[in-house]
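Presented below is the structure to which this report refers.
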Amino acid sequence: MSVNCLFCRIVKREVPASLVYEDEEVLAFNDISPQAPVHVLVVPKRHMATLNDLTPAEDHLVGRLIRQAAAIAAERGISAGGYRMVLNCNADAGQTVFHIHLHLLGGRPMHWPPG
Ligand code: AMP
Ligand code: ZN
């Protein structure tokens with residue numbers, strides 16, 4: 001855990017969030033500033049700042065993040081229509097919270113390429 005990390009503080013329940021899912025390794029909550037009708041953040045409970053910190057030891061965890069996001073998409077009824085998963089890394093991608101998080105976005109048509 002990182003004491004000054006917002007998402008670590010959400011994991012520890014020091015900061016409130018609209019929780020969607022929790023298990024021993026993963027937490028999911030609604031984004032505070034949703035960019036689509038469904039906008040859920042899926043995070044590892046353990047602090048890792050960016051995708052650059054991943055090692056082969058996290059391969060299983062990364063799979064869990066993706067599969068949990070897909071399960072949430074199914075629960076929200078957007079699987080067939082489609083959805084997007086986004087992982088931003090560092091400044092050029094616009095990462096603002098330095099605790100790895102997967103954005104699940106859906107419920108509206110989206111454009112490509114992203115901005
Ligand atoms: P990123 O730009 O990929 O780092 O995304 C960070 C995301 O965290 C943004 O979509 C924010 O709206 C979201 N966010 C920031 N603070 C909170 C919060 N307290 N609860 C839920 N989502 C948040
Ligand atoms: Zn953290």
Side-chain angles (χ1 to χ4, degrees):
M1 294 291 169
S2 175
V3 282
N4 292 319
C5 170
L6 174 61
F7 289 173
C8 281
R9 297 188 69 201
I10 288 176
V11 167
K12 287 189 283 182
R13 307 294 203 274
E14 292 175 1
V15 170
S18 170
L19 298 185
V20 172
Y21 173 82
E22 179 171 26
D23 64 31
E24 65 280 4
E25 286 187 304
V26 172
L27 189 72
F29 47 93
N30 290 306
D31 197 290
I32 204 167
S33 178
Q35 302 302 309
V38 175
H39 189 173
V40 175
L41 301 177
V42 186
V43 312
K45 286 187 166 179
R46 183 160 56 86
H47 182 80
M48 286 173 281
T50 81
L51 297 178
N52 296 332
D53 298 317
L54 291 172
T55 74
E58 280 80 47
D59 286 357
H60 178 72
L61 178 61
V62 171
R64 288 188 70 162
L65 295 177
I66 292 172
R67 292 218 320 110
Q68 190 53 49
I72 293 167
E75 285 168 11
R76 299 286 180 95
I78 59 172
S79 295
Y83 53 82
R84 186 171 291 173
M85 294 186 195
V86 174
L87 291 144
N88 293 322
C89 181
N90 279 335
D92 278 0
Q95 185 176 4
T96 58
V97 178
F98 287 85
H99 178 129
I100 288 175
H101 51 280
L102 184 157
H103 296 257
L104 169 67
L105 295 146
R108 65 166 171 82
M110 283 174 225
H111 305 290
W112 193 263

(message) If you compare all heavy atoms of Pro37 against all heavy atoms of Gly107, which two are closest, and at what distance to 0.1 Å?
(response) CG-O, 3.4 Å
When the side chains of residues 108-115 are checked against the rest of the protein, which donor-acceptor pairs come out under 3.5 Å, sequence neighbours left out?
from, atom 1, to, atom 2, distance (Å)
Arg108, NE, Gln35, O, 3.1
Arg108, NH2, Gln35, O, 2.8

(request) Answer yes if Val15 and Val43 sit in the same cluster of Ile, Leu, Val, Met, Phe, Trp and Tyr residues linked by side chain heavy atoms under 4.5 Å apart, and no otherwise. (result) yes
(request) Taking all heavy atoms of Ser79 and all of Ala74, pick out the closest pair and write down the distance. (result) OG-CA, 3.0 Å
(message) Under 4.5 Å side-chain heavy-atom separation, chaining through any Ile, Leu, Val, Met, Phe, Trp or Tyr, what else clusters with Leu54? Say none if it is isolated.
(response) Val20, Tyr21, Val26, Val38, Val40, Val42, Met48, Leu51, Leu61, Val62, Leu65, Ile66, Ile72, Ile78, Tyr83, Met85, Leu87, Ile100, Leu102, Leu104
(request) Check whether any side-chain heavy atom of Phe98 lies under 4.5 Å from a side-chain heavy atom of Leu6, and answer yes or no. (result) no
(message) Walk me through whether Leu19 and Arg13 qualify under side-chain contact (heavy atoms from CB on, under 4.5 Å).
(response) CA-CA 10 Å; Leu19 298 185; Arg13 307 294 203 274; 3.4 Å; yes
(message) Can a donor-acceptor pair be found, under 3.5 Å and without considering hydrogens, that links the side chain of Gln95 to the backbone of Ala49?
(response) yes
(request) Enumerate the residue pairs fulfilling side chain to side chain donor-acceptor pair (under 3.5 Å) with a member in residues 39-63, sequence neighbours excluded, ordered by first and then second residue. (result) Glu22-Lys45, Asp31-His39, His39-His103, Arg46-Glu58, His47-His99, Thr55-Glu58
(request) Examine Ile32 and Leu105 and state if one hydrophobic cluster contains both, with Ile, Leu, Val, Met, Phe, Trp and Tyr joined whenever side-chain heavy atoms are less than 4.5 Å apart. (result) no
